[in-house]
Amino acid sequence: MRQLVTFTKKEFVELQRTNKLLVLGIVFLLFGIMNPAIAKLTPWLMETMANELESSGIFVKEVVVTALDSWMQFFKNIPMAVIVFVLMFSGILTNEYQKGTLINMVTKGLSRWKIIVSKLIVMLAAWSIGYWMCFGITYVYNEYYWDNSIAKNLLPSVFVIYILGIWFTTMIILFSSIFRTNSSVAIMTAVVFGVMYVLSMVPDIEKYLPVKLMDASSMPMGVGAPEDFVTALIITGIWSIINIFAGIKCFNKKNL
């Protein structure tokens, strides 16, 4: 256990040294501010464009903005944050392969599963801090400018999307234990998501797929309920656990 704690601390230090933690924090901070900012500026933008649109025969009515507009912006921006997260952490193991730093650690007695678990802990911490910071900033601004009570099932919807991010994190761990390049990890993560997205177009199996969780973004508007995502949440959780154990097994057999 001491080895696990020590290696995890080393990973956090590396995250700070390479400025990944800073960059990720800035990304989530900006998104957190942008969500209410875009919603707040929408009436002004529409008013500015009104004269030009009227000359084209399009008449703009008065735009009324609520906290829902900001929350919809939140759910639109999170996928972009996920892309940044995947690209940033796709090299969490592959960079070690290329540098050969893992060989010394393993030969000195560090168990391979501890390497995987340490990397996973760091990634989960980074995702959790960034995601909930973005949510917190958006929530505070929305409460100040409008009223968050208008959003139905807000916490369940946000939690469901958070679990989807954990699924992406475990996929990075799995593919990092198989492939040796950052691009391969990122591409395979995108491929799995793409396949799941295509399969979700089949109504009979949609509720069983992780991408079903994306529909939780409609809950604040009153579309859907938390119980609609229970099946997808359970399957996503099981899939995530399988990813972790499969990643450990593949890494144990990998030639460093």
Side-chain angles (χ1 to χ4, degrees), residues 4 8 11-12 15 20-21 23-25 27-28 31-32 74-93 113-136 138-139 153-178 185-197 199-200 206-217 219 226-251:
L4 178 62
T8 302
E11 286 299 309
F12 276 112
L15 202 62
K20 287 184 178 180
L21 193 61
V23 172
L24 195 66
V27 169
F28 279 103
F31 281 139
F74 171 85
F75 290 115
K76 287 179 182 178
N77 285 336
I78 285 300
M80 290 186 283
V82 170
I83 292 173
V84 173
F85 183 85
V86 171
L87 292 176
M88 188 172 296
F89 285 97
S90 59
I92 196 165
L93 266 174
W113 71 266
K114 292 179 181 178
I115 295 175
I116 293 293
V117 172
S118 295
K119 303 281 187 182
L120 179 63
I121 290 173
V122 169
M123 291 174 64
L124 289 177
W127 167 250
S128 299
I129 293 171
Y131 182 84
W132 292 113
M133 178 179 68
C134 181
F135 166 77
T138 302
Y139 186 92
N153 294 312
L154 179 59
L155 287 179
S157 64
V158 171
F159 177 76
V160 168
I161 301 298
Y162 169 71
I163 296 300
L164 186 62
I166 291 178
W167 177 63
F168 274 102
T169 301
T170 61
M171 280 203 295
I172 294 174
I173 284 293
L174 173 60
F175 293 129
S176 293
S177 67
I178 299 174
V185 175
I187 289 171
M188 285 306 301
T189 302
V191 167
V192 171
F193 175 78
V195 170
M196 292 298 103
Y197 187 80
L199 290 176
S200 69
E206 180 190 12
K207 67 177 181 179
Y208 302 106
L209 303 176
V211 292
K212 168 66 177 176
L213 303 183
M214 295 173 60
D215 292 343
S217 60
M219 276 200 288
E227 52 267 25
D228 298 338
F229 302 94
V230 172
T231 302
L233 278 171
I234 293 173
I235 291 176
T236 302
I238 294 173
W239 191 338
S240 298
I241 293 172
I242 291 174
N243 283 343
I244 296 170
F245 280 98
I248 292 174
K249 192 166 185 63
C250 291
F251 188 64

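By convention here, the first residue in the shown sequence is residue 1.
- Residue Lys20 places its NZ atom among more than 12 non-hydrogen atoms of other residues, nucleotides or ligands, all under 6.0 Å distant.
- The minimum heavy-atom distance linking Gly32 with Cys134 is given by the pair N-SG, 3.6 Å.
- Atom CE of Met123 sits about 5.0 Å away from atom CD1 of Ile173, to the nearest 0.5 Å.
- Phe74 CZ to Phe31 CZ: the interatomic distance, rounded to the nearest 0.5 Å, is 11.0 Å.
- Of the inter-residue distances, the one linking Thr8 atom OG1 with Leu120 atom CG reads 10.0 Å to the nearest 0.5 angstrom.
- Considering only heavy atoms from C-beta on, Leu15 comes within 4.5 Å of Phe89 through its side chain.
- Pairs passing the salt bridge (Lys or Arg N to Asp or Glu O under 4.0 Å) check and including a residue from residues 161-175, sequence neighbours excluded, do not occur.
- Applying the side chain to side chain donor-acceptor pair (under 3.5 Å) rule to Asp215 yields no partners; only residues at least two apart in sequence or on another chain are considered.
- In plain terms, the two heavy atoms of Val27 and Val84 that are nearest each other are CG2-CG1, 4.1 Å.
- Side-chain atoms of Leu213 and Trp167, non-hydrogen and from C-beta on, never get closer than 4.5 Å to each other.
- Note that CE of Met171 and CZ of Phe193 are 8.5 Å apart. Values are rounded to the nearest 0.5 Å.
- In terms of heavy atoms, Cys250 sits closest to Ser177 at CB-OG, 3.6 Å.
- Using modelled atom types, one side-chain atom of Ser200 and one backbone atom of Tyr197 make a donor-acceptor pair closer than 3.5 Å.
- Interatomic distance, Ile129 CD1 to Leu124 CG, rounded to the nearest 0.5 Å: 11.0 Å.
- Applying the side chain to side chain donor-acceptor pair (under 3.5 Å) rule to Thr138 yields the partners Asn35; only residues at least two apart in sequence or on another chain are considered.
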Phe135 and Ile78: side-chain contact (heavy atoms from CB on, under 4.5 Å), yes or no, with the steps?
CA-CA 10 Å; Phe135 166 77; Ile78 285 300; over 6 Å; no
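- The closest side-chain heavy-atom distance from Met196 to Leu199 is below 4.5 Å.
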Residues Thr189, Ser90; criterion side-chain contact (heavy atoms from CB on, under 4.5 Å); working and verdict
CA-CA 9 Å; Thr189 302; Ser90 59; over 6 Å; no
Let me see the working for Phe85 and Thr169 under side-chain contact (heavy atoms from CB on, under 4.5 Å), right down to the final yes or no.
CA-CA 9 Å; Phe85 183 85; Thr169 301; 3.5 Å; yes
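- Put simply, the side chain of Phe28 reaches to within 4.5 Å of the side chain of Trp127, judged on heavy atoms.
- Ile115 places a side-chain heavy atom less than 4.5 Å from the side chain of Leu93.
- Nearest heavy atoms, Lys207 versus Lys212: CA-CG, 4.1 Å.
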Which side-chain N or O atoms in residues 157-164 pair as donor and acceptor under 3.5 Å with protein atoms at least two apart or in another chain?
from, atom 1, to, atom 2, distance (Å)
Ser157, OG, Asn153, O, 3.2
Ser157, OG, Leu154, O, 2.6
Tyr162, OH, Ser128, OG, 2.6

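- Applying the salt bridge (Lys or Arg N to Asp or Glu O under 4.0 Å) rule to pairs touching residues 115-126 yields Glu11-Lys119, Glu96-Lys119, sequence neighbours excluded.
- Counting only residues at least two apart or on different chains, the side chain to side chain donor-acceptor pair (under 3.5 Å) pairs with a member in residues 232-249 are Thr170-Asn243, Trp239-Asn243.
- Of all the heavy atoms in Val86 and Ala186, the pair that sits closest is CG1-CA, 4.3 Å.
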